[in-house]
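Heads up: the structure comes next, in structure tokens.
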Amino acid sequence: MDAQQSGDGGGREFHRVADELRARMTDGTYPLHAFLPSQRDLAEEFGVSRDTVQRVLRELVNEGWIESRQGSGSRVVKTQRIQSSTPRATRQRHGTTLGPLLSEAFEQPEVTLDAYTLTSESLDAHIRLQAERILGGSIAPQRIGLRMILPSEDLHVPYPRVRDDKDDPRLRDRLHDITNRHTESLRGVLKALKTEKHVASVDVQIRHAPLTPAFKLYLFNSAEALLGPYEVIQRQIELESGEEITALDVLGLGATLTHHVKDADPNSSGTVFVDTWQAWFDSVWNLLAE
């Protein structure tokens, strides 16, 4: 049956399209103030129904990524923003997104990435973009090492939650589903790079901490750090059943991140910042192994 007529409003296709559009807005494919393709074009490109595209666009509106007006289309109103304390990086990356920083890290022969985050959603989107570059032959790292700390699955996190019923478990269950789906996707993408001999060595390790992340942290090759708080917002969340719930949630993909780079001066602000957060991550990582 033709995808346009199959009523494919189910979860898998919905998430696939939403994830890809978020990734494109994050990496600058659809920059700030740009218009997304029409619903018809998106449905044809992804092989899904118009209903699925409409649900995705409503979700992106609720998350604050886009605004949609009848007859005008959908326009990007939020992207990943980075504020850098390093003058060199500020000149090169003013107004840029997270994607170029990950791209630079993956252009090295050995890539080490440490991440502390609420879910693996953002990282999965960016890792898939780097995997495409590797498969296309534009970059060729020989070793990729990833360590990720996520909240324990049995931890009662305060968000996301139903605004008027903090004990309603549905949004927490949804959060776990999102985390597990993107974690498995990330593992699979990196494992395939090694299995298909595009990368000689891949090491992915994930540990769970009894901590509710108030911020997200990325450490690249022990030389650069990105840190950003999660912003708590009220938004509508559509469940798999189609029911919409008013929720208190946090969004990480659009959060402003602070960027620091180590240099030759051990006392510089960038070096101290990176070393401090690398030491923090290592201490938590080692504690979780005990």
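In this chain, numbering begins with 1 at the start of the sequence shown.
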Next on the checklist: When you compare the side chain of T212 with that of L155, does any pair of heavy atoms fall below 4.5 Å?
Outcome noted: yes
Checklist entry - If Ile, Leu, Val, Met, Phe, Trp and Tyr residues are connected whenever their side-chain heavy atoms lie under 4.5 Å apart, and connections chain through other members, are I178 and I245 in the same group? => result no
Item to check | Backbone N/O of E121 and side chain of T119: donor-acceptor pair under 3.5 Å | outcome: yes
Checklist entry - Any idea which heavy atoms bring P210 and S152 closest together, and the distance? => result N-OG, 3.4 Å
Checklist entry - Same cluster or not: are L42 and V56 linked, directly or through other Ile, Leu, Val, Met, Phe, Trp or Tyr residues, by side-chain heavy atoms under 4.5 angstrom apart? => result yes
Checklist outcome for this item: Heavy-atom closest pair (I149 atom, F281 atom, distance to 0.1 Å) is CD1-CE1, 3.7 Å
Checklist entry - Hey, are the side chains of T117 and P151 touching, using non-hydrogen atoms and a 4.5 Å cut-off? => result no
Item to check | ILVMFWY network linking V111 to V274, side-chain heavy atoms under 4.5 angstrom | outcome: no
Item to check | Backbone of F46 reached by a side-chain donor or acceptor of R16 within 3.5 Å | outcome: yes
Item to check | Option among W285, W277, F215 that satisfies the ring pair (Phe, Tyr, Trp, His ring centres under 6.0 Å) test with Y116 | outcome: F215
Next on the checklist: Looking at Q142 and A140, would you say the former's side chain and the latter's main chain have a donor-acceptor pair under 3.5 Å?
Outcome noted: yes
Checklist entry - Any side-chain heavy atom of S103 within less than 4.5 Å of one from Q130? => result yes
Next on the checklist: Taking V48's backbone N and O only, do any of them form a donor-acceptor pair with T52's side chain (distance below 3.5 Å, no angle check)?
Outcome noted: no
Item to check | Common cluster, L217/V272, ILVMFWY with side-chain heavy-atom separation under 4.5 Å | outcome: no
Checklist entry - Which atoms form the tightest heavy-atom contact between A247 and I237, and what is the distance? => result CB-CD1, 3.7 Å
Next on the checklist: Testing the basics here: between P160 and L175, what is the closest heavy-atom pair and its distance to 0.1 Å?
Outcome noted: CD-CD2, 3.8 Å
Checklist entry - Just by distance, do the side chain of S283 and the backbone of W280 share a donor-acceptor pair under 3.5 Å? => result yes
Checklist outcome for this item: All heavy atoms of R161 vs all of R163, minimum pair found to be NH1-O, 3.1 Å
Next on the checklist: Would you say F106 ends up clustered with L135 if hydrophobic residues are merged whenever their side chains have heavy atoms under 4.5 Å apart, either directly or through other cluster members?
Outcome noted: yes
Item to check | Heavy-atom donor-acceptor pair, D124 side chain to S120 backbone, under 3.5 Å | outcome: no
Item to check | D203 side chain reached by I144 side chain, heavy atoms, under 4.5 Å | outcome: no
Next on the checklist: Show, in sequence, the C-alpha distance, side-chain angles and deciding distance for L186 and L146, and conclude whether the side-chain contact (heavy atoms from CB on, under 4.5 Å) test is met.
Outcome noted: CA-CA 10 Å; L186 188 154; L146 168 64; 3.2 Å; yes
Item to check | Side-chain donor or acceptor of T271 paired with backbone N/O of D265 under 3.5 Å | outcome: yes
Item to check | Positive for side chain to side chain donor-acceptor pair (under 3.5 Å) with Q278, one of D282, T276, D275 | outcome: D282
Checklist outcome for this item: To the nearest 0.5 Å, atom NE2 of H259 lies from atom CG of L227 at 12.0 Å
Next on the checklist: To check you understand the geometry: which heavy-atom pair defines the closest contact between F35 and G73, and what is its length?
Outcome noted: CD2-C, 4.3 Å
Checklist entry - Between the side chain of T246 and the main-chain N/O of Q236, is any donor-acceptor distance below 3.5 Å? => result no
Next on the checklist: Just so I know, are the side chains of I134 and P141 near enough to count as touching, which here means a heavy-atom distance under 4.5 Å?
Outcome noted: yes
Item to check | Heavy-atom donor-acceptor pair, H176 side chain to E153 backbone, under 3.5 Å | outcome: yes
Next on the checklist: To the nearest 0.5 Å, what is the distance between OG on S269 and NE2 on H260?
Outcome noted: 6.5 Å
Next on the checklist: Main chain of T112, side chain of N221: is a donor-acceptor contact present, judged purely on distance under 3.5 Å?
Outcome noted: yes
Item to check | Among M25, R58, E59, the one residue meeting side chain to side chain contact (heavy atoms under 4.5 Å, CB included) with I66 | outcome: M25
